2 protein chains.
Amino acid sequence: MAEPSGTARDPEAVSRFVEHFAAQLVEAGLPRMPARVFGALLASDTGVLTSAELGERLRISPAAVSGAVRYLAQQHMVSREREPGSRRERYRVHGDQWYEALTNREAVIRRWEDALREGVTSLGADSPAGRRLAETLAFFEFMEKEFRALMARWRAEREERFGRR
Amino acid sequence: MAEPSGTARDPEAVSRFVEHFAAQLVEAGLPRMPARVFGALLASDTGVLTSAELGERLRISPAAVSGAVRYLAQQHMVSREREPGSRRERYRVHGDQWYEALTNREAVIRRWEDALREGVTSLGADSPAGRRLAETLAFFEFMEKEFRALMARWRAEREERFGRR
DNA sequence: CGCTTGGTTCACAAATTTGTGAAGTTAAGG
DNA sequence: CCTTAACTTCACAAATTTGTGAACCAAGCG
């Protein structure tokens, strides 16, 4: 009932991919369960799964699902949708949304910048250390600016190659 | 003896910056000790400190220093230098090196791409899930390519603003 | 050659994180 | 209203990670 029966795929193969991909995400710093849940969503045909489906596919408790999706939603890697007229909650990976979230660490970078600015003033802009911090700060500011342009270019290329969503 | 006495700074203020900045890095996924060590190096005037100096400033054991610098060196965030004719080991943050390492997750991305490619074949390039994975893969390939150009632009801007190293 | 200083490795205790079962909460459906 | 389905929250046990002291190693120096 989970997938439109159009494409019957080997669940073994799907699971192998999910676990392998999740392992890479874990290595990159994502907690284990969120990584697996994210992998399962990515590998689902519709890109939407309910909590129950996630728990079943990954063989984890409802509590684990709950924790994982809360984390992912906070990171903007999935969106939750309350299907009206039903108690089922559904989670979705948007084609765009998710990788923006992964790379877009905007908020994180912003806090680094704040800390660096604080450092420059408190160590003195004229001290050698102050200069090093200032340069680092300039780098992040540069990246922040350039990144917007880069994402815009991607959207253009994407639309051209995959069509609009 | 640690710093050239030219700029006498408030060690309190330095420590505050180090801890605050380290906290941000930790939040971004870096382990605690490496983050603190990195902060201490960033905030030092020369950008070079010995193990002993690091241990003293951060109030941590030699073992902790050893572990932290091993980690940082592996991530290419610091380089270790064996000062010839002395047993002292010195650790350095290069102006460039370090932020390239932080952003440049090249190896990580490469492994994501591999996992995604595997997924596309095993789920079928024509299935909806396969198409989603393919699009994700295309995104990372795009980023990888663009990122090189972006770094080149940064080096140019940097040289202009801060002079060559 | 030994002594001594600077670092590394190892085993372990402490702290943190993870995932679970069980109890609690909310709202649909009779 | 009362029942029940679908989560969520909580307390706790298990596993993992962290940082330390202690033993160990390597290289200058006398």
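Predicted model, so just to flag it, every value in this text is computed and none were measured. Numbered from 1 within each chain, the chains take letters A, B, ... in sequence-line order.
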If you compare every side-chain N and O of Ser51(A) against the phosphate oxygens of dC7(D) (OP1, OP2), does one of them come in below 4.0 Å?
yes
Send over the distance from Glu81(A) CD to dC7(D) C1', rounded to a whole Å.
16 Å
Electrostatic pair Glu157(B):Arg161(B) at N-O distance under 4.0 angstrom:
yes
So Ser66(B), base contact, sugar-phosphate only, or nothing? Heavy-atom distance under 4.0 Å.
base
Whole-Å distance between dA27(C) P and Glu89(A) CD?
11 Å
Tell me the interatomic distance from Met33(B), atom CE, to dT18(D), atom P, rounded to whole angstroms.
10 Å
Write down the distance between CZ (Arg59(A)) and C1' (dT20(C)), rounded to a whole number of angstrom.
16 Å
Find the distance Arg70(A):CZ to dA6(D):P and express it as a whole number of Å.
20 Å
Length of the CG-P vector between Leu30(A) and dT17(C), whole Å:
15 Å
Where each residue is assigned the nucleotide of DNA chain D containing its nearest heavy atom, which of Gly67(A) and Arg87(A) is assigned the position nearer the 5′ end?
Arg87(A)
Would you state whether a donor and an acceptor, one from the side chain of Arg32(B) and one from the base of dT18(D), lie under 3.5 Å apart?
no
Figure out the CG/C1' separation between Leu54(B) and dT8(C), and round it to whole Å.
15 Å
N/O donor-acceptor pair under 3.5 Å between Arg92(A) side chain and Ser79(A) backbone
no
Need to verify one output field. Residue with the more 5' nearest nucleotide on DNA chain D, Pro62(B) or Val69(A)?
Val69(A)
Salt-bridged, Arg57(A) to Glu53(A), with N to O below 4.0 Å?
no
By the 4.0 Å heavy-atom rule, please label Arg80(B) as base, sugar-phosphate, or nothing.
sugar-phosphate
Tyr91(B): what forms a ring pair (Phe, Tyr, Trp, His ring centres under 6.0 Å) with it, not counting sequence neighbours?
none
Looking only at the side chain of Ala64(B) (C-beta and beyond, no hydrogens), which of the listed nucleotides dT20(D), dG7(C), dT18(C) gets closest?
dT20(D)
Looking at Arg82(A), does any N or O in its side chain come under 4.0 Å of the phosphate oxygens OP1/OP2 on dA6(D)?
no
By nearest atom, which of the nucleotides dG21(D), dA22(C), dC7(D) is closest to the Ala63(A) side chain?
dA22(C)
Integer-rounded Å distance: dG19(C) C1' and Leu58(A) CG:
13 Å
Between Arg117(A) and Glu113(A), does any NZ, NE, NH1 or NH2 come within less than 4.0 Å of an OD or OE carboxylate oxygen?
yes
